[in-house]
Amino acid sequence: MISKDEKIKIASWLLDPGRRRPPRGSLEALERKVKSHGLDKVYRKIELPLAPVLRDIEAVGFKVNLAYLGKISKELKEKINTSEKKIYKSTKQEFNLNSPAQLSEILFKKLKINSGNLRRTKTGLISTNEETLQLIKNRHPVIKLILEYRTLFKLKSTYTDPLLKMADDKGRVHTTFLQTGTATGRLSSRNPNLQNIPASGDWAKKIRRAFVADRGYSLVSFDYSQMELRILAALSRDRNLMAAFKNGKDIHSITAARIFGVPLGKVTKNMRRIAKTLNFGMNYGMGANAFSRVAGVSVKEAREFIKKHFEYFSSVKEWQEKIINQARALGYVENKNGRRRLLPDINSQKQRSRAEAERAAINMPIQGLNADIIKLAMVRVAKELKKRGWWRKQARLLLTIHDELLFEIKDPLIKKASKIIRDIMENIYKLDVPLKVDEKTGGNWGMLK
DNA sequence: CGCATACGCGCC
DNA sequence: AAACGGCGCGTTTGCG
C-alpha cells in the first residue's frame with residue numbers, strides 16, 4: 001500500500017517541513033518522534049491515508065484535447081512572431097527578448113526611457129518585471145508590446161508546448177504530487193504542474209478549454225469559498241469576521257463599508273476592491289508599502305487603511321501577535337492539528353529575516369489548516385466513492401488545487417456524486433464558521449458553470 | 001556539457 | 001531600497 005521509504009519521508013517532513021534534507025533515522029525512531037511531537041494524528045489520519053489517493057489521481061490523469069491544444073500552440077507561435085517583429089522595429093535593434101538583462105539595457109540605456117524611482121533587481125539592473133513595465137507603459141510604445149509578448153511566450157513555453165509533449169497515448173497528462181515538499185502542509189504538483197494552469201483572462205480560458213472530460217463524463221469542480229478567511233475567522237474568533245460568514249454576507253463589501261464609513265448600499269466597486277486586497281493581505285502580513293502598490297493608493301493612505309482595517313478586525317491583530325510571540329518562545333509555529341513549521345529566523349538579529357519569519361508564522365496556521373481540511377476531505381471522498389465502486393471509474397478525482405477538488409464524473413451520476421462530495425467537503429472539519437463549497441460543471445475546464 | 005542562479009510569472 | 005504567505009518552471013547567464 002505505502003512503502004517504508006515513503007513513510008520515512010513523510011515522518012521526516014512532518015518533523016521539519018521547512019527544510020530540505022534527506023530523511024534520516026529508522027522508521028521506528030521517526031514514528032516515535034512523530035508521536036512525541038504531537039504529530040501522530042496528522043501522520044496517521046491525514047498523510048498516510050492520503051498517499052494512495054494521490055497515486056490514484058496521478059494514475060488516472062487529466063484528458064487533454066491535443067488537436068485543439070496544437071491549434072492554440074500554433075496560433076501563439078504566429079502571434080509571438082508578429083509581436084517580436086513589431087518590437088524590433090520599435091527598438092530598431094534585434095536582441096534576446098527573453099533576457100531581462102538585455103531588455104533592461106535596451107529600454108533604459110538605448111531608448112533612454114525615464115527610469116527614476118523604478119525598482120532595481122538585486123544585480124543592480126532596472127527591473128523589467130510586469131509591475132515595473134505597467135508603471136511606464138505610457139512612456140514608450142514598445143512597453144505594451146513587450147507585455148503582450150511576455151504573456152504569449154509564457155503561455156506557449158510553459159503550458160501548451162510541454163502539455164503536448166507530456167500527454168500519454170490516450171491524451172491524458174499525469175502530474176506528480178509532492179506530498180512532502182512544502183513548509184506549510186500544502187501539496188505541490190509537478191511534471192507538469194497542474195496547480196498553476198492559467199485561470200483568468202481570455203487566453204487562460206482558451207488553455208483551460210483544452211482540459212476536457214472523457215466521452216460520457218463531465219468535469220465537476222468543488223471550490224471552498226473564502227477558505228483562508230474563514231479559517232482566520234475561526235482561529236482568531238474575531239466577532240466581526242465570524243459574523244460576516246455566519247450571515248453569509250459578502251465579506252469584502254462589509255469590510256469596505258466599515259473602512260470607508262458608508263452604508264453597505266453605497267459601497268463602490270473600487271471600495272470593494274481595496275477592501276478585498278486588505279482582507280487578502282491580512283492573511284500574510286502585508287505592510288503599507290506592499291498594499292499601496294497593489295491597491296494603487298499612496299503609502300500614507302495605505303497606512304490609514306490598514307489601521308482602520310485592524311481596528312475593525314481587532315481580534316485578528318491580537319491573534320497574530322499571540323502567534324508571533326509563541327513562535328518567538330518556541331522557535332516554531334503549529335496549526336490546530338499540531339502540524340508544525342520550524343522558524344529558525346524568528347529571533348534573528350536581521351530585521352528583514354525576522355519580519356519574513358513573522359509573516360510566515362501568521363500565515364502557516366491558516367494555510368496549514370486549509371491543507372489539512374482538504375486532505376481529510378480527499379481521503380473521506382475516496383473512501384466513500386470506493387465503497388460505492390465509483391472510484392477511478394464513474395467518479396474520478398483529477399486534481400486538487402489547495403482549496404478546490406476537480407472531478408470527472410459519469411453524466412448520469414453527477415447529481416448523486418456531487419451531493420456526496422460536497423457534503424463531505426463542507427462537513428469534514430468542524431469550525432465555528434461554516435465551510436461553503438461552490439460547485440461548477442462543464443464539458444471542459446474552461447467552461448464550467 | 002551539466003548545474004546553479006537570477007529573473008520573471010503562472011496558480012492558490 | 002525594496003519587500004508582502006505557499007509553490008513549479010522556462011529562459012538566460014555564469015561557472016566548473
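Lettering of chains follows the sequences in order, A, B, ..., and the numbering in each one begins at 1. All values below were derived from every heavy atom in this structure, side-chain atoms included, with hydrogens, water molecules and symmetry-related copies excluded.
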Across the strands shown, which category fits [X] at heavy-atom distances under 4.0 angstrom: base, sugar-phosphate, nothing?
X        : value
A:Asn370 : nothing
A:Phe153 : sugar-phosphate
A:Leu178 : sugar-phosphate
A:Asn129 : sugar-phosphate
A:Glu130 : sugar-phosphate
A:Ile362 : nothing
A:Thr151 : nothing

In whole Å, what separates the [atom1] atom of [N] from that of [M]?
N      : M     : atom1 : result
C:dC7  : B:dC3 : P     : 24 Å
B:dA4  : C:dG5 : C1'   : 26 Å
B:dC1  : C:dG8 : P     : 28 Å
B:dG10 : C:dA2 : C1'   : 23 Å

Practice task
Taking A:Ser236 for its side chain and A:Leu232 for its backbone only, find out whether a donor-acceptor pair lies under 3.5 Å.
Solution key: yes

Handout entry: N/O donor-acceptor pair under 3.5 Å between A:Asn240 side chain and A:Tyr312 backbone
Key = yes

Handout entry: Salt bridge present between A:Arg422 and A:Glu439 (N-O < 4.0 angstrom)
Key = yes

Problem - Carboxylate-amine/guanidinium contact A:Arg55 A:Glu6, below 4.0 Å - result: yes

Problem - Pair A:His309 + A:Phe313: ring centers closer than 6.0 Å - result: yes

Handout entry: B:dG8 OP1/OP2 closer than 4.0 Å to side-chain N/O of A:Thr128
Key = yes

Exercise for the section: Could you please name the partner base of B:dA6, counting Watson-Crick and G-U wobble pairs only when both distances are under 3.5 Å? Expected result: C:dT11

Problem - Partner nucleotide, any strand, of C:dA2 [Watson-Crick/G-U, under 3.5 Å] - result: none

Practice task
Return the 5'-most residue of the pair A:Asn117, A:Lys154 with respect to DNA chain C, ranking by each residue's nearest nucleotide.
Solution key: A:Asn117

